[in-house]
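Order of the sequence lines sets the chain letters (A, B, ...), proteins ahead of strands, with each chain counted from 1.
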Protein chains: 2
Amino acid sequence: MPSSTQSDKRRTLTTSKIIEAALSIANTQGIEALSMRKLAAALNVTAMSIYNHVANKEDLLSLMLDNVVSDFELPDEDGPWKEMLRRRAHSMRQTFLRHPWAPTLLISTITNGAHTMRDANATLGCLINAGFSYAAADWARNAIDSHTFGYTMQELNFPVEPTEYRAAADHYLPEISKNDYPYLHGATKALINGDYDGVTQFDFGLGLILSGLAPDQAPDQR
Amino acid sequence: MPSSTQSDKRRTLTTSKIIEAALSIANTQGIEALSMRKLAAALNVTAMSIYNHVANKEDLLSLMLDNVVSDFELPDEDGPWKEMLRRRAHSMRQTFLRHPWAPTLLISTITNGAHTMRDANATLGCLINAGFSYAAADWARNAIDSHTFGYTMQELNFPVEPTEYRAAADHYLPEISKNDYPYLHGATKALINGDYDGVTQFDFGLGLILSGLAPDQAPDQR
DNA sequence: ACCTGAACACCGTTCAAGT
DNA sequence: ACCTGAACACCGTTCAAGT
């Protein structure tokens with residue numbers, strides 16, 4: 001019997017189909033809903049079939065994360081560095097808003113996928129071409145990424161939705177004793193009455209960092 | 001039979017004993033090793049006994065996190081704000097280095113424990129007393145915390161231990177193609193040859209933010 | 001080479017039962 | 001009021017067996 005013409009269940013599953021289905025589950029139902037069994041069910045396959053294409057769940061998550069990183073806007077290595085890095089940071093935030101489960105995993109996972117390495121290379125290249133030393137470029141990128149990860153993760157996990165700030169006032173404020181926590185009480189009230197603009201506030205902190213950075217103010221050149 | 005003199009197993013378990021044991025497991029064996037069953041075993045008790053003192057695992061984690069926050073250095077509300085906030089940020093980083101599992105959970109958990117609220121109140125108070133508006137104080141604290149969380153989480157999850165930087169050179173460098181990723185290749189080599197000083201690098205980014213902040217440069221006062 | 005079913009060693013949590 | 005054992009509905013992963 002020739003093995004060339006087989007139209008059974010083989011070869012229906014591919015790594016990219018698995019990643020696509022996994023991303024879909026994580027984005028719509030949350031990362032905690034992503035189990036190997038549920039993923040298999042979504043692909044009309046047994047849980048164990050997946051292990052023919054990925055080593056284990058950790059490997060699957062790495063592949064998913066490199067796919068997310070591919071959405072970052074790649075800095076032009078010869079463009080104006082502040083503008084390039086600002087655009088990359090904003091696109092990272094936007095990407096994380098679309099994949100709320102990603103930053104927590106990205107920060108705690110070793111990802112050496114092609115997209116991740118290309119992003120790191122372009123970001124460093126942009127700074128180095130602007131006159132930063134290797135060490136200074138590394139410190140600058142680290143400061144920017146710290147803000148991007150830290151801000152967006154706080155934003156994503158804030159217990160109250162922006163649209164519900166005013167409604168949250170009546171709910172949370174009584175729990176914040178005006179005597180014990182006067183400043184927190186006042187700040188909460190002020191916060192709730194104000195407008196929330198995530199982009200502007202993100203850009204505020206990013207601007208503080210970018211304003212302070214300069215090629216010659218590096219850490220000790222090495 | 002009088003119910004007053006009972007020396008059986010009752011009352012041996014307290015919420016604070018549970019938290020203490022849970023912190024010990026998380027700090028020594030990692031947060032993934034903390035299961036209700038293992039925690040119960042460490043306390044010489046059944047898993048279900050724990051549910052008489054905490055609502056569920058999420059509740060337990062919240063209690064653990066408030067305990068961690070109690071290690072943050074509380075800003076003096078009438079002290080010099082830059083110095084106070086710098087000291088608080090550094091103590092947060094040190095606390096996270098002792099509890100590596102904490103920042104990821106802290107950023108994604110609603111904690112309204114007493115220590116958490118006291119920290120927020122003192123931090124905001126320090127800024128407000130320095131002339132910041134409620135809104136400006138909130139933005140300033142957010143920028144500082146973003147850096148503190150983002151930097152420390154990246155630091156904690158960096159795949160290579162500081163002591164193994166040089167050894168990592170021979171291991172990782174061949175995987176970074178010099179043709180495809182020239183800047184990343186060069187930066188990795190430079191990074192490995194340089195010294196790593198986590199405190200100095202953390203303070204670098206923190207300094208950029210603190211230098212840029214000022215009471216009057218707030219977002220639109222409201 | 002790829003897919004499968006059964007099994008293993010775990011989870012968090014519910015429930016009814018004890019004292 | 002507090003502690004327990006058994007059970008439920010899940011996990012990720014191994015393994016031997018199929019094609």
Side-chain angles (χ1 to χ4, degrees), chain A residues 1-26 28-65 101 104-105 108-110, chain B residues 1-26 28-65 101 104-105 108-110:
Chain A
M1 201 165 288
S3 62
S4 56
T5 56
Q6 43 190 13
S7 58
D8 53 350
K9 258 211 156 186
R10 292 186 193 189
R11 299 268 71 193
T12 58
L13 211 55
T14 61
T15 308
S16 58
K17 271 189 196 171
I18 291 171
I19 296 169
E20 196 184 352
L23 286 170
S24 168
I25 291 174
T28 58
Q29 301 170 241
I31 192 71
E32 69 286 347
L34 179 66
S35 75
M36 298 303 264
R37 283 169 168 88
K38 278 190 194 169
L39 176 57
L43 290 159
N44 276 315
V45 115
T46 292
M48 291 313 100
S49 301
I50 298 170
Y51 285 84
N52 289 308
H53 300 88
V54 301
N56 46 36
K57 195 176 183 182
E58 198 185 320
D59 184 32
L60 170 66
L61 291 170
S62 271
L63 293 167
M64 290 166 69
L65 287 171
W101 50 272
T104 304
L105 282 176
S108 65
T109 307
I110 303 167
Chain B
M1 200 167 286
S3 63
S4 54
T5 55
Q6 42 190 16
S7 58
D8 54 350
K9 258 210 158 187
R10 293 186 191 190
R11 297 269 71 194
T12 58
L13 211 57
T14 61
T15 309
S16 58
K17 272 189 195 169
I18 292 171
I19 296 169
E20 196 184 350
L23 286 170
S24 167
I25 290 174
T28 59
Q29 301 170 242
I31 192 70
E32 70 285 348
L34 179 66
S35 75
M36 298 303 264
R37 283 171 169 87
K38 278 189 194 169
L39 176 57
L43 290 159
N44 276 315
V45 115
T46 293
M48 290 313 100
S49 300
I50 298 170
Y51 285 85
N52 288 309
H53 300 87
V54 302
N56 47 37
K57 193 176 185 182
E58 199 186 319
D59 185 31
L60 170 66
L61 291 170
S62 271
L63 293 168
M64 292 167 68
L65 288 172
W101 50 273
T104 304
L105 283 175
S108 65
T109 307
I110 303 167

Would you kindly give the [atom1]-to-[atom2] distance between [X] and [N], to the nearest whole Å?
X	N	atom1	atom2	result
A/Ile18	C/dC2	CD1	P	11 Å
B/Ile31	C/dG12	CD1	P	11 Å
A/Ile50	D/dT14	CD1	P	14 Å
B/Leu43	D/dT4	CG	P	11 Å
B/Glu58	C/dT13	CD	C1'	14 Å
A/Lys17	C/dC2	NZ	C1'	14 Å
B/Asn44	D/dC3	CG	P	13 Å
B/Asn52	D/dC3	CG	P	6 Å

- Message: If you compare all heavy atoms of B/Ala55 against all heavy atoms of B/Asp59, which two are closest, and at what distance to 0.1 Å?
- Response: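 Closest approach of B/Ala55 to B/Asp59: N-OD2, 2.9 Å.
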- Minimum-distance pair of heavy atoms, taken over all atoms of A/Thr104 and A/Ser108: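 Shortest heavy-atom separation between A/Thr104 and A/Ser108 comes out as O-OG, 3.1 Å.
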- Query: Nearest to the side chain of B/Met48 - C/dC3, D/dT13, D/dG5?
  - Reply: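 Closest of the options to the side chain of B/Met48: D/dG5.
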If you measure from [atom1] on [X] to [atom2] on [Y], what distance do you get to the nearest 0.5 Å?
X	Y	atom1	atom2	answer
B/Ile19	B/Leu63	CD1	CG	4.5 Å
B/Thr28	B/Leu23	OG1	CG	10.5 Å
B/Asn56	B/Ile50	CG	CD1	12.0 Å

- Hey, are the side chains of A/Met64 and A/Leu61 touching, using non-hydrogen atoms and a 4.5 Å cut-off?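 Yes; the side chains approach each other to less than 4.5 Å.
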- Item | Side-chain heavy atoms of B/Tyr51 within contact of B/Leu60, under 4.5 Å |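 A side-chain contact is absent here, since even the closest heavy-atom pair is not under 4.5 Å.
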- Item | Strand contacts (DNA chain D) in residues 33-41 of chain A, 4.0 angstrom heavy-atom criterion |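 Within this stretch, A/Leu34, A/Ser35, A/Met36, A/Arg37, A/Lys38 sit under 4.0 Å of the strand.
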Does [N] have OP1 or OP2 under 4.0 Å away from a side-chain N or O of [X]?
X	N	value
B/His53	D/dA1	no
B/Ser49	D/dT4	yes
B/Tyr51	C/dT14	no

- Item | Heavy-atom neighbours of B/Gln29 CD exceed 12 at 6.0 Å |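 It does: B/Gln29 CD has more than 12 such atoms within range.
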- Message: My validator wants the stems of DNA chain C: runs of 3 or more consecutive Watson-Crick or G-U pairs, both distances under 3.5 Å, written as range with range.
- Response: C:4-8 with D:12-16, C:12-16 with D:4-8
Using atom types as modelled, flag every donor-acceptor pair under 3.5 Å from a side chain in residues 30-43 of chain A to any protein atom, sequence neighbours excluded.
| unit_1 | atom_1 | unit_2 | atom_2 | d |
| --- | --- | --- | --- | --- |
| A/Ser35 | OG | A/Lys38 | N | 3.1 |

